[in-house]
Amino acid sequence: MKHHKINIPKVYITTVPYNFRSYYLWLLYGLYELNEQGKIILSFQKMKLEDRLIHKSQRFREKSQRIRQFFNLQEEPIYSYTSYNLQGFIIYNDKKIKFCYDIADSPFLFDIKLLHSVDYYFKAQCPKEISSDGFPLTSSIHIPYHPDVLTYKSKIHASMIGPRCLCYCSIFDYDRMKAAYKTMINDKMPIKDGILMCYFGNACGPMPVTPHNAPDYNSESEIMGYFKEKISHPNEKRAILAHIISEKGKDYDARIINPGNSDTLDNSLERTDLIIPLNQFCKHISRFQYNLNVSGYRNSIPNRFIESFAVGTAILTDKLHVKWYLPFGKEVIELSEMGYLPISEVNWNKAKQDIDNLPPVNDQEVLNAYNSKWAPNVFAKYIIDTMLSQTTDN
């Protein structure tokens, strides 16, 4: 793409953690689209050579692992699983603006070193409010933020999370991303013959682990072990709601793939007959007016939101504690509090009534919301425009 404008933003991507590369493809594809439209100049030239090779070559990844193991290297490479942040910077009007995109599940955890060094910290699971009260796991239990999160919260901006996997491809393969995206949005069925579906992995959370002191709040097992009977896992509510839905007849589809714990290694419990292949998942969702959600690990918003919006299906969810960069409209209906609330404190009668009285979905309204708010190019434009808003000439 030839860029004829003299003064357009130059966007440099410097770090893309390999283990979570699929989570960044939504933003990267959006940036590629803006690049094609001549609205930005996108480059990966500033990435470290090792990082580029890791993304390009399976053989290099395998050799890199063996070399590190042979020499007992303790420092993990930049693409290791411990990093959740895509990093980069923009050059515009002779100004350099550094940013990161954090896709970690935990809304209350931040990379403090990056929070200090970047100008903009885009958080996929962004708390609705950041205050000294901490992040609400339930109405009575709050998880504290690092003090620097409060100090630098003006740098923190809401973003969003894309699908589980747009495609299996290199981050440099724009053509593959484009083809996969076209397939995804074309998965929309012409008629919605179902009302409500749900599709969850497990009926229980992980086995609780009681920490010796304060828990690792990024560990689901330690959270469950530390708070004990004060909370119950979201998976338990998912299982109850799936049972409620399964009794409602042919217009409903409720699936729990494994009735055991989420950290179980016992695959014999798995209902393989209920598994929907990833490449058929959006087409399955598209058959229904609503896709049910119960807030995921640490009250995060899962990938099923965007996987539903893209095919004109609305989300029915419990009360949300995180936000995206724009408010949800008719594409989301919120129920009452569930999340980590103890089972006995959930208003199940109200939940049943809400499910029985769902308003019909206008799938075109959901698609309009998707195209105007959540599509990849719109998301990427929001990221760019947010940073450029501070760079206007004096």
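Counting from 1, the numbers follow the sequence of the chain as shown.
- Here the closest non-hydrogen pair linking G339 and K237 is O-NZ, 2.8 Å.
- The six-membered or imidazole ring of Y382 lies away from that of W374, with a centre-to-centre distance of 6.0 Å or more.
- In this structure, K96 does not pair ionically with D119, as no charged nitrogen and carboxylate oxygen lie closer than 4.0 Å.
- Salt bridge present: R271 and D273 bring a charged side-chain N and a carboxylate O closer than 4.0 Å.
- For an aromatic pair to be called close, the ring centres must be under 6.0 Å apart, and F110 with H146 fails this.
- For K250 (side chain) and G194 (main-chain N/O), no donor-acceptor pair under 3.5 Å exists by modelled atom type.
- Here T272 pairs with E270, I275 under the side-chain contact (heavy atoms from CB on, under 4.5 Å) rule; sequence neighbours left out.
- F288 has its side chain out of reach of D251: every pair of non-hydrogen atoms, C-beta onward, lies at least 4.5 Å apart.
- Note: W26 CH2 to M160 CE = 6.5 Å, rounded to the nearest 0.5 Å.
- The environment of K248 atom NZ is dense: over 12 non-hydrogen atoms of other residues, nucleotides or ligands sit within 6.0 angstrom.
- Taking the six-membered ring where the residue is Trp, the centroids of Y152 and Y121 are separated by 6.0 Å or more.
- Considering R304, K192, Q289 in turn, K192 is the only one that fulfils the side chain to side chain donor-acceptor pair (under 3.5 Å) rule with T313.
- The backbone N or O of H116 lies less than 3.5 Å from a partner atom in the side chain of K155, making a donor-acceptor pair.
- Atoms OH and CD, from Y84 and Q125 in turn, are 12.0 Å apart once rounded to the nearest 0.5 Å.
- Looking only at distances, no side-chain donor or acceptor of Q364 sits under 3.5 Å from a matching main-chain atom of N362.
- With rounding to the nearest 0.5 Å, the separation of CG in L196 from CG in D253 is 9.5 Å.
- Within the 4.5 Å cutoff, no side-chain heavy atoms of S232 are placed close to those of Y340.
- A cation-pi geometry, defined here as NZ or CZ lying under 6.0 Å from the six-membered ring centre and within 45° of its normal, does not hold between K178 and Y32.
- Outside the 6.0 Å centre-distance limit, the rings of Y325 and F122 are not counted as a close aromatic pair.
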